[in-house]
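First up is the structure itself, then whatever we jot down about it.
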There are 2 protein chains.
Amino acid sequence: MKYESVTIKDIAQQLNLSTSTVSRALRGSYEISSKTKKLVVDYAKKINYQPNPIALSLKERRSHSIGIIVPEIANSFFSQAIDGIESVAYKHGYHVNISQTHESFEREMINVQHMASRSMDGLLVSVSAETNDSSYLKNLHERGLPIVFFDRIIDEIDTYKVVCDNFKGAYNATTHLIKQGYKNIAHITSSSHLFITKKRLEGYKKALEDYKIKFNENLVRYCDHGGMDIEEVRNNIISLFSSKNAPDAIISAGDRITTVMISVMKNQSSIKKKIAYIGFSNSDLTDMFSPSLSVVRQPAFEMGKTAMELLIKIIESKRPIKEFETKTMESKIIIKESSLIPKK
Amino acid sequence: MKYESVTIKDIAQQLNLSTSTVSRALRGSYEISSKTKKLVVDYAKKINYQPNPIALSLKERRSHSIGIIVPEIANSFFSQAIDGIESVAYKHGYHVNISQTHESFEREMINVQHMASRSMDGLLVSVSAETNDSSYLKNLHERGLPIVFFDRIIDEIDTYKVVCDNFKGAYNATTHLIKQGYKNIAHITSSSHLFITKKRLEGYKKALEDYKIKFNENLVRYCDHGGMDIEEVRNNIISLFSSKNAPDAIISAGDRITTVMISVMKNQSSIKKKIAYIGFSNSDLTDMFSPSLSVVRQPAFEMGKTAMELLIKIIESKRPIKEFETKTMESKIIIKESSLIPKK
DNA sequence: CAAAATTTTGGTATCGTTTGCGTAAATAAA
DNA sequence: TTTATTTACGCAAACGATACCAAAATTTTG
C-alpha cells in the first residue's frame, strides 16, 4: 500500500481545466482570471492539495533543502548548532537534513555524496576527526555546490567559515590553570588533522610561553577518532599518568573528549587525586558534575545561525561570490570547581 | 552557480546509444549485450555517474528515505534511538531524515506534513509532549503512509509500536525508593496526554499500593511542555516542596525533565537537603553527577533498531499488514548514590 | 459591426529515469 | 537462399510541476 497524494492533474480533471492553468492559478499568476483562480484555489484547499516537492526539485533543480554534516548529534555543541541552523532555515523556507559521520571519514564521504546527489541546495559541514583528505569536498565545491564550514573547518577550501576563537579559548583556559599554580598542564585533544586542533594547540603553547613554562611534547595527546574510541582516550590518559612527568592539570578539547576523559579518570584508581581540569564543552549538565566542570563554552547556537545565514547568502546570490570571510566568534570561559583547586 | 551532475543522457550521447539502452545496461537487464553493458558500465564509472534520486523518487513514487520525528535530538534517549534507527536503515539502503518538534504540537504537524509530502516511504514517530490530537497522524496513516511509533506512542493508531516497559520501570523505581524507607514519593512527569506518562503513573501507583502507601494526587506533577519550559518544572518543584506534605523522594520521567529537575533543585536553596531521587534517563553522564544519579534506562538503541525493522517490514510488504503488535522491551534500573541515602 | 488588441486558457516540452512495445539486425532453422 | 527466431536496441510515455508559445475568448477601438 502506498500513500497517494493529490496532484495538479486531479484538480485539472475535476475542474475541466488544463494543468498549466491550474498551476498558474495556484501560484497566482496575473494572467489567470480571478474567477478561475478562486475556483482552483478553493478546490485545492478543499482537497488539501500539496505540491509535490520531488517534482519541483526535479524541475527547478533545487530542493529548498540544505544538508548538515556533523560528527554526531549526541553532542551538545552540535545539537545546539543544529538548533541555530534550523531557526534560520525555517524562517527562510529551507528544510534541513541532518547526517552524522560518527567521526568516520568514510561515512562522511558517503553522506556528503548522498546529500549532493539529492539536490541539496547547499551543505553546512563540520568535518570528522578522521578527515585528512578534503579533496572530495573541494571537488564538489568547485563544481558549484555551496558549502559553509563551521567549527571543524577546512582551511584550504575557499568559502565562508564560522568558528569560535579557538586560539583564545585554549589560551585563556591554559592561563587560568597556570594562574592556579599548575605547571604540568597536559592537553588532550582531537585528531591532529583538524584545523581547530592546531589552533587550540597554538593557544595552549602561547600561554605556556607567555608564562615561561617549557612546552613538553609528551603532554599533548591526540585522539584520532575524536573521542569515539574510548580505548584510545583511556590509553592516552593512562600513559600520560604513568609517565615520569605526570600532569597536574589537563585541558581537553571538545565535548566528547572532555566527558570521556573525566569518566576514564573517575574509573582509573591508578590516577592520583586532585587533578585540575577544564575542557571545551557545551553541555548543560557540567554544573551537576562532581566536581562541577570548568569549561570553555562556544556560542554554538549563534554559530549555527551565522553559518546558515552565510549559506543562504551563497545559495541565493545571483552571481558567484568571490570574496569569502571567516567569522570568528567569542568563546567564554566558565570557571567552576574542577579547575579551582589552587596549588600552592 | 549550480551544481550539475552527470545524467544518463550524457552517457547515451557520448556513447551513441539511447537512454533506455543505457538505463537497462546500468541495471544489468538481460536484453542488453554484454559488450554494450560493459561499455556503458565502464564509462559510467569513469565519469562517476550517479543516478539522480530525485528523478527516481518521482518515477517510482518512493524515495528510499524514511523520516524520524522526535521531540529533540539533544536528548540521550532519542539520539541513541536515532543511532539504532540509522544502523538498520543504512544496511537496508534507506536514507534517514531527522526532524525535531521541540515538544511543540504545531512544529510536529508541520514536520510530519513535510515528510509526507516529500515522499518519505515511512515515518518513525515519537510524539511531542504537547500532542493531544493525533487525528492528522491517523489521517495520514489511513491514507497509506507507513508509520511506526516508538517510545511516545499513540495508542489509538493501529500500527507497529515499540516501547519499553514503562509500567515496570516506574514500578521498580518506586519500589526501590520505598525499600529505602521513603514514603512521600513524588512523581514529576511529562504531559498527561502521553501514553507513556499514563503507564509510568500506573506503575508508580501500583508500587505504592503494593506497599500500602496511600496515593496522594498532589505528589504527581505534570510538565505539559515535557521539560522544555524550565519555569514549568521549577514551579512544580517549588510548589511541591512548599506544600505541607513535602516529598522525601522523587521519581522523574524522561531525560530532560530529570536533568532540569536536578538543576532546579541544586539552585533552589529553599529545598531541604537529602532528597532521594531516581529518574528515567539514558545519559552517559549521570555517573559524574554529584550525587551520581540512579536511573531507569531504556534500551534506546535497540528500540530504534526494532522500530526501523518494523517500518521496513511495512514498507516492503506486498500486501497491507493487518495484524500489528507492540514490542515491549525491558528497561533497566541502575542504582547509584542519588537514591541510596537510606532513611531510617 | 468588423478588426485589432487584450485577456485568458490549452498544448507541449522539460527535468532524469524507467519500462512496455515495436522493430531492425543477427542468428538459427528450413 | 528463404523463413522463423532470437537478440539487441530505440521510441515514447510516464512520474508532477512549470513555462514558453500558440490558440481561443473576450474586450476595446475605429
Side-chain angles (χ1 to χ4, degrees), chain A residues 2-41 43-44 47-65 93 114 116-121 144, chain B residues 2-41 43-44 47-65 93 114 116-121 144:
Chain A
K2 185 90 34 97
Y3 168 80
E4 305 265 333
S5 58
V6 190
T7 77
I8 228 171
K9 246 185 205 166
D10 300 329
I11 302 183
Q13 223 153 38
Q14 198 56 229
L15 263 41
N16 251 318
L17 290 169
S18 75
T19 57
S20 25
T21 306
V22 175
S23 167
R24 270 178 289 226
L26 287 173
R27 40 189 46 247
S29 162
Y30 65 98
E31 35 178 21
I32 300 294
S33 71
S34 43
K35 283 167 287 180
T36 317
K37 234 183 240 178
K38 187 165 163 32
L39 185 73
V40 172
V41 171
Y43 184 70
I47 62 172
N48 189 27
Y49 167 77
Q50 298 277 62
N52 181 328
I54 307 259
L56 279 176
S57 294
L58 183 59
K59 182 105 239 287
E60 300 180 355
R61 298 147 124 251
R62 63 175 297 190
S63 57
H64 289 277
S65 306
H114 187 272
S117 76
R118 276 215 167 255
S119 311
M120 290 297 145
D121 297 345
Chain B
K2 186 90 33 98
Y3 169 79
E4 306 264 334
S5 59
V6 189
T7 77
I8 230 172
K9 248 186 204 165
D10 300 328
I11 302 182
Q13 223 154 36
Q14 199 56 229
L15 262 41
N16 251 318
L17 290 168
S18 75
T19 57
S20 31
T21 305
V22 174
S23 167
R24 270 180 280 236
L26 287 173
R27 39 190 48 246
S29 160
Y30 65 96
E31 33 176 26
I32 301 295
S33 72
S34 42
K35 283 167 289 180
T36 315
K37 240 184 236 177
K38 185 163 164 32
L39 186 73
V40 172
V41 171
Y43 184 70
I47 62 173
N48 190 29
Y49 165 77
Q50 298 277 63
N52 180 327
I54 307 260
L56 278 175
S57 294
L58 183 58
K59 184 105 241 284
E60 299 179 357
R61 302 152 117 250
R62 61 176 297 190
S63 57
H64 290 277
S65 306
H114 186 271
S117 76
R118 275 214 166 256
S119 312
M120 289 298 146
D121 296 346

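All values derive from a computational prediction rather than experimental measurement. Below, chain A is the first sequence line, B the second, and so on; all start at residue 1.
Across the protein-nucleic acid pair, B:Leu26 atom CG and D:dA8 atom C1' stand 16 Å apart, rounded to whole Å. If you take NZ of A:Lys59 and C1' of D:dA14, they are 16 Å apart, rounded to a whole angstrom. The CD atom of B:Glu60 sits 13 Å away from the P atom of D:dG16 (whole-angstrom rounding). In this structure, the NZ atom of A:Lys37 is 13 Å from the P atom of C:dT7, given to the nearest Å. Distance A:Asn52 CG to D:dT18 C1': 13 Å, rounded to the nearest Å. Between B:His64 atom NE2 and C:dT18 atom C1' the separation is 13 Å, expressed in whole Å. Rounded to whole Å, the distance from CZ on B:Arg62 to P on C:dT18 is 14 Å. Between B:Lys35 atom NZ and D:dT7 atom C1' there is a gap of 10 Å when expressed in whole angstrom units.
The closest side-chain heavy-atom distance from B:Leu56 to B:Pro51 is below 4.5 Å.
Distance check, rounded to the nearest 0.5 Å: OH of B:Tyr49 to CD1 of B:Ile11 gives 6.0 Å. The distance from the CG atom of A:Leu26 to the OG1 atom of A:Thr19 is 11.0 Å, given to the nearest 0.5 Å. A distance of 10.0 Å separates CZ of A:Arg118 from OG of A:Ser65, quoted to the nearest 0.5 Å. Taking CD1 of A:Ile54 as the start and NZ of B:Lys59 as the end, the distance is 14.5 Å to the nearest 0.5 Å. Once rounded to the nearest 0.5 Å, the distance linking OG1 of A:Thr21 with CD1 of A:Ile32 reads 5.0 Å. Here A:Asn52 contributes atom CG and B:Arg61 contributes atom CZ; the two are 9.0 Å apart, rounded to the nearest 0.5 Å.
The side chain of A:Leu58 has C:dC15 as its nearest neighbour among D:dA17, C:dC15, C:dG11. Here D:dC9 is the nucleotide among D:dC9, D:dT18, C:dG11 with the atom lying nearest to any side-chain atom of B:Ser33. Of the candidate nucleotides C:dT12, C:dT9, C:dG16, C:dT9 has the atom lying nearest to any side-chain atom of A:Ile32.
Taking the C1' atoms of five terminal pairs at each end of the helix from C:dC1-D:dG30 to C:dA30-D:dT1, the two resulting helix axes are inclined by 70°, rounded to 10°.
For the pair A:Tyr30 and C:dT6, the criterion of a side-chain N or O lying under 4.0 Å from OP1 or OP2 is not met. When the side-chain nitrogen and oxygen atoms of B:Thr19 are compared with OP1 and OP2 of C:dT17, none of them lie within a distance under 4.0 Å. For the OP1/OP2 pair of C:dT9 and a distance below 4.0 Å, the side-chain nitrogens and oxygens of A:Thr36 include at least one atom meeting the criterion. Checking the phosphate oxygens (OP1, OP2) of C:dT18, no side-chain nitrogen or oxygen of B:Ser20 falls inside 4.0 Å. In this structure, B:Arg27 does not reach the C:dT17 phosphate: none of its side-chain N or O atoms is under 4.0 Å from OP1 or OP2.
A donor atom on one side chain and an acceptor atom on the other are not found under 3.5 Å apart for B:Ser20 and B:Ser23.
Across all strands, B:Ser23 comes closer than 4.0 Å to base atoms (heavy-atom distances).
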Dump every N/O contact between nucleotides 21-24 of chain C and the protein below 3.5 Å, one line per pair.
none

(Q) Does B:Leu15 form a side-chain contact (heavy atoms from CB on, under 4.5 Å) with B:Val22? I'd like the steps, not just the answer. (A) CA-CA 9 Å; B:Leu15 262 41; B:Val22 174; 5.7 Å; no
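For the contact set between residues 8-18 of chain A and DNA chain D, defined by any heavy atom under 4.0 Å, the members are A:Ile8, A:Lys9.
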